[in-house]
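On a predicted model such as this, the values are computed, not experimentally measured, just so you know. Here is how names work: the chains are called A, B, and so on, in the same order as the sequence lines, proteins then strands, and each is numbered from 1.
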2 protein chains.
Amino acid sequence: MNERPELTRNQTLVLSKLEGQEGPLSAYQLLDLLRDDGFRAPLQVYRALDKLMRAGLVHRLESLNAFVACSGHAHAHAGDVTAFAICDQCGQVIELSDRLVSERLDEWVSKTGFKPTGAVLEFRGACAACQARAA
Amino acid sequence: MNERPELTRNQTLVLSKLEGQEGPLSAYQLLDLLRDDGFRAPLQVYRALDKLMRAGLVHRLESLNAFVACSGHAHAHAGDVTAFAICDQCGQVIELSDRLVSERLDEWVSKTGFKPTGAVLEFRGACAACQARAA
DNA sequence: CGCAGTTGTGTTATTCTATTACGTATGCCA
DNA sequence: TGGCATACGTAATAGAATAACACAACTGCG
């Protein structure tokens, strides 16, 4: 389904930093992590991120201005929305995707005559582990 | 229900600019619009916006880094999520709020053990008018 | 082969968005 | 009166993203 495209050196480096990370990273955090690998300018990061996002390997979290590696298994079907649950305590991000929910949301919005082409769905709160820790 | 808090001069100015506008405005656009009223620094805008958002009179659109006046009538009950449908053609923003949808989404997310305290729901696409125009 | 088209790269500079820090003024109320 | 909370003004800075320019590598094709 998802033909893994050939990644260049820069793209591979960015992706591996994101994958070796629990939570999301900002573009500038990535830049700092990659200085030893020869990165010097934001654009190098942004260009790699752009490619990775279009390949569906990385997601952008709008409410954080940050990026996460796509959590493998949950590869949504084309057209399905992906939602994110972002823990404000530990920073972990859970990826959610569900065809039924997608369809219902689509119906809901379409009732107004609006035709959605994309969606940003981000929940903020506390993950299970952090709730337990707080109790 | 929503005690309209006393607004200061700056807050009133910012709110009125947002209300006199079809679509969202960025903080710096607001600043430019308010130079004649004595605004000189971004902070003046951000501080007013902060207050207005906490009062529920203004919403921030994460996917645009911009702000809209809360469309009056659709004042959600406490706990209800507000979603936004943003037209990528004309910039208009439709505000959506529905108790049932809120509950369903909450259930969906909570299934993972995550406890949401807030949500960012933004749909991008084409509003009814712009679809008609394109046809 | 030569050449155009695409993609990726590196660098510098700039724009846009948002916050920190510091000082001041005002109203409230104990 | 003093302490506290809120708002204000200004300057400086941090953080996020893009524009502009030049070059290298690869592809397909006449």
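- Nearest-nucleotide positions on DNA chain D place B:Gln11 closer to the 5' end than the other of B:Gln11 and B:Ala41.
- Toward the 5' end of DNA chain D, the nearer of the two residues A:Ser26 and B:Tyr28, judged by each one's closest nucleotide, is B:Tyr28.
- Side-chain N/O atoms of B:Thr8 include one lying less than 4.0 angstrom from OP1 or OP2 on D:dC8.
- For B:Asn10 and D:dG9, the shortest distance from a side-chain N or O to OP1 or OP2 is below 4.0 Å.
- Residue A:Arg47 is in base contact, counting any heavy-atom pair closer than 4.0 Å across all strands shown.
- When distances run from any side-chain atom of A:Asn65 to the nucleotides D:dA19, D:dA17, D:dC8, the shortest one goes to D:dA17.
- Of the candidates D:dA16, D:dA7, D:dA20, the closest approach to any side-chain atom of A:Tyr46 belongs to D:dA16.
- In this structure, the nucleotide among D:dA16, D:dC8, D:dG9 sitting nearest to the side chain of B:Gln44 is D:dG9.
- Residue B:Arg54 places no side-chain N or O under 4.0 Å from the OP1 or OP2 atom of D:dT6.
- For the pair A:Phe84 and A:Val120, the minimum side-chain heavy-atom distance is 4.5 Å or more.
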| said: side chain to side chain donor-acceptor pair (under 3.5 Å), that's the test. Do B:Ser63 and A:Glu62 meet it? Break it down for me. | reply: CA-CA 6 Å; B:Ser63 68; A:Glu62 297 289 343; 5.7 Å; no
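- Taking the 5' to 3' direction, DNA chain C first and last meets chain A under 4.0 angstrom from a heavy atom at C:dG8 to C:dT12.
- Checked by atom type and distance alone, the side chain of B:Gln44 never pairs as donor or acceptor with a backbone atom of B:Phe39 at under 3.5 Å.
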